[in-house]
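Written out below as structure tokens is the structure these notes cover.
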Amino acid sequence: MLVRHVLPVLAGLLLSQAAFAIPASIDSTHVTVDFDPDTFTFGIDYYDWGWTNYLDPNSVGYSASTNGVTLDFGSQISLFDYAINESDPLLPVHAFFDAGFSFTAKPGQKIVGYTIDFIGSYNTEYPGGVGMGVDGVGWSSYSSGGGSFVQQLQYNDPIAPALRGSAEAQGSIDWTEVQVGTEIVQVGTDWQEDPFCVGQPDCPLIEVPIYGEVPVYMWQADLGGADLYLQRISFNAITTPVPEPTTTALLLAGGGLVGWARRRKARAGEPRS
């Protein structure tokens, strides 16, 4: 009796797992995109703390974009890094992603390249910086300020590149020398008559120190910070129309008929011998 109850449950679990692992397919304007989220890797390395947080690939939103797929991370890839003091190890907060997508052009279309758009926002406080890219190709900003961004990379190749890359935020330290006050110090000497015999014949000269006010400097650390929010990645194919086989055949046939007609007309105009 127990077996009869347990087997259907196990079968249901296996079926649910199998259904969960079925690769997904997205229908876009001129392409179809196939992928399997269970093979993707997303995560954040917190180097300062020595641990890594992996994201569930199925928690990412996948939807059709203009001509491909958009990955929506929501607020999951939010990177914050601030330099605390001179003992800070100055390591970045590092996000990474690795996902493979298969693009198939629809009839009448041909894939000639791809674009990858990073969409999000950032804020940097000098000396801090943010950056991201795919396979070493990317962008970075190390000046103060921030705002939203849409940064695009383009690939002129019909073979889809792997969506493999990283994003980072890092707060650094810049040392500057600043004036913190003044102090009275000896700035030189002068030879003057001994005050005990001023005006008397043969009064010896003695060396008298001269004092002055000088600035006092010290080194101070300028602690920077950086925030990076990678909200979405849009992966699109660049397509161009191609004629259908039937259209090509008709064009060839039409060209042949035009050529035949011209040749016939030329023969008709030739004088008969």
Side-chain angles (χ1 to χ4, degrees), residues 5-47 49-80 92-106 109 111 113-121 131-138 150-155 157-169 228-239:
H5 290 289
V6 171
L7 286 179
V9 173
L10 291 176
L13 289 174
L14 291 174
L15 287 174
S16 64
Q17 291 296 322
F20 187 75
I22 293 176
S25 182
I26 285 181
D27 184 58
S28 189
T29 307
H30 296 306
V31 297
T32 301
V33 185
D34 297 299
F35 59 97
D36 184 357
D38 292 330
T39 64
F40 295 172
T41 302
F42 304 111
I44 301 175
D45 289 318
Y46 297 93
Y47 291 136
W49 307 102
W51 63 284
T52 300
N53 177 39
Y54 288 94
L55 281 61
D56 180 3
N58 292 283
S59 67
V60 178
Y62 305 94
S63 60
S65 58
T66 304
N67 211 23
V69 58
T70 293
L71 289 70
D72 193 336
F73 299 101
S75 60
Q76 295 188 90
I77 300 186
S78 299
L79 311 181
F80 310 90
V93 178
H94 174 93
F96 54 89
F97 47 88
D98 189 349
F101 294 88
S102 176
F103 287 75
T104 303
K106 293 183 178 179
Q109 297 291 323
I111 298 175
Y114 297 88
T115 59
I116 299 175
D117 293 277
F118 297 109
I119 304 162
S121 61
M132 66 187 66
V134 175
D135 280 340
V137 180
V150 179
Q151 185 69 26
Q152 184 178 95
L153 302 177
Q154 181 169 330
Y155 297 80
D157 193 318
I159 300 175
L163 188 61
R164 182 185 305 113
S166 61
E168 289 187 349
L228 175 65
Y229 305 89
L230 180 57
Q231 297 163 344
R232 297 186 302 279
I233 297 179
S234 187
F235 194 4
N236 292 283
I238 303 172
T239 57

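Because only heavy atoms are used, hydrogens play no part in the values below, and waters and symmetry mates are left out as well, while side chains stay in.
- When atom types are taken as modelled, the side chain of Tyr229 and the backbone of Ile77 share no donor-acceptor pair closer than 3.5 angstrom.
- Atom CH2 of Trp51 has more than 12 neighbouring heavy atoms from other residues, nucleotides or ligands inside a 6.0 Å radius.
- Contact of the Val93 side chain with the Tyr47 side chain is not registered, since no non-hydrogen atoms from C-beta on lie closer than 4.5 Å.
- Taken to the nearest 0.5 Å, the OG atom of Ser234 stands 10.5 Å off from the CG atom of Asp72.
- Here Leu71 contributes atom CG and Ser63 contributes atom OG; the two are 8.5 Å apart, rounded to the nearest 0.5 Å.
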Pair Ile233-Phe118, side chain to side chain contact (heavy atoms under 4.5 Å, CB included): steps then yes or no
CA-CA 5 Å; Ile233 297 179; Phe118 297 109; 4.0 Å; yes
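- Residues Pro161 and Phe235 are in side-chain contact: their nearest non-hydrogen atoms beyond the backbone lie under 4.5 Å apart.
- In this structure, the separation between OG on Ser121 and CG on Leu230 is 9.5 Å, given to the nearest 0.5 Å.
- Every residue two or more places apart in sequence or in another chain that forms a side-chain contact (heavy atoms from CB on, under 4.5 Å) with Thr115 is listed here: Asp117, Gln152, Gln154, Asn236, Ile238.
- Distance CZ/Phe73 to CZ/Phe97: 7.0 Å, rounded to 0.5 Å.
- With Asp157 contributing its side chain and Ile159 its backbone, the two residues share a donor-acceptor pair below 3.5 Å.
- Side-chain contact between Tyr62 and Pro57: present, with at least one pair of heavy atoms (C-beta onward) separated by less than 4.5 Å.
- For Asp98, the salt bridge (Lys or Arg N to Asp or Glu O under 4.0 Å) test picks out Arg164, with sequence neighbours left out.
- Distance check, rounded to the nearest 0.5 Å: NZ of Lys106 to NE2 of His30 gives 8.5 Å.
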Let's go through Phe40 and Leu163 carefully: what are the C-alpha distance in whole Å and the side-chain angles of both, what is the deciding distance for side chain to side chain contact (heavy atoms under 4.5 Å, CB included) to 0.1 Å, and is it a yes or a no?
CA-CA 10 Å; Phe40 295 172; Leu163 188 61; over 6 Å; no
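- Contact detail for Asp36 and Thr39: the closest heavy-atom pair is O-OG1, 2.7 Å.
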Checking Ile111 against Thr104 for the side chain to side chain contact (heavy atoms under 4.5 Å, CB included) test, could you report, in this order, the C-alpha distance in whole Å, the side-chain angles of both residues, the deciding distance, and whether it holds?
CA-CA 8 Å; Ile111 298 175; Thr104 303; over 6 Å; no
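- Taking both residues in full, the closest heavy atoms of Ala167 and Leu228 are given as CB-CD2, 3.7 Å, listed atom of the first, atom of the second, then distance.
- Between Phe103 and Phe35, the closest side-chain pair of non-hydrogen atoms is not below 4.5 Å.
- Nearest heavy-atom pair, Asp27 versus Ala64, reported as atom, atom and distance to 0.1 Å: O-CB, 3.8 Å.
- Interatomic distance, CZ of Phe42 versus OH of Tyr54, reported as 13.5 Å (0.5 Å rounding).
- Between the side chain of Thr29 and the main chain of Asn67, no donor-acceptor pair closer than 3.5 Å is present.
- Between the side chain of Ser28 and the backbone N or O of Ser65 there is at least one donor-acceptor pair closer than 3.5 Å.
- For the pair Ser25 and Asp34, the tightest heavy-atom approach, listed with the atom from each and the gap, is OG-OD1, 2.9 Å.
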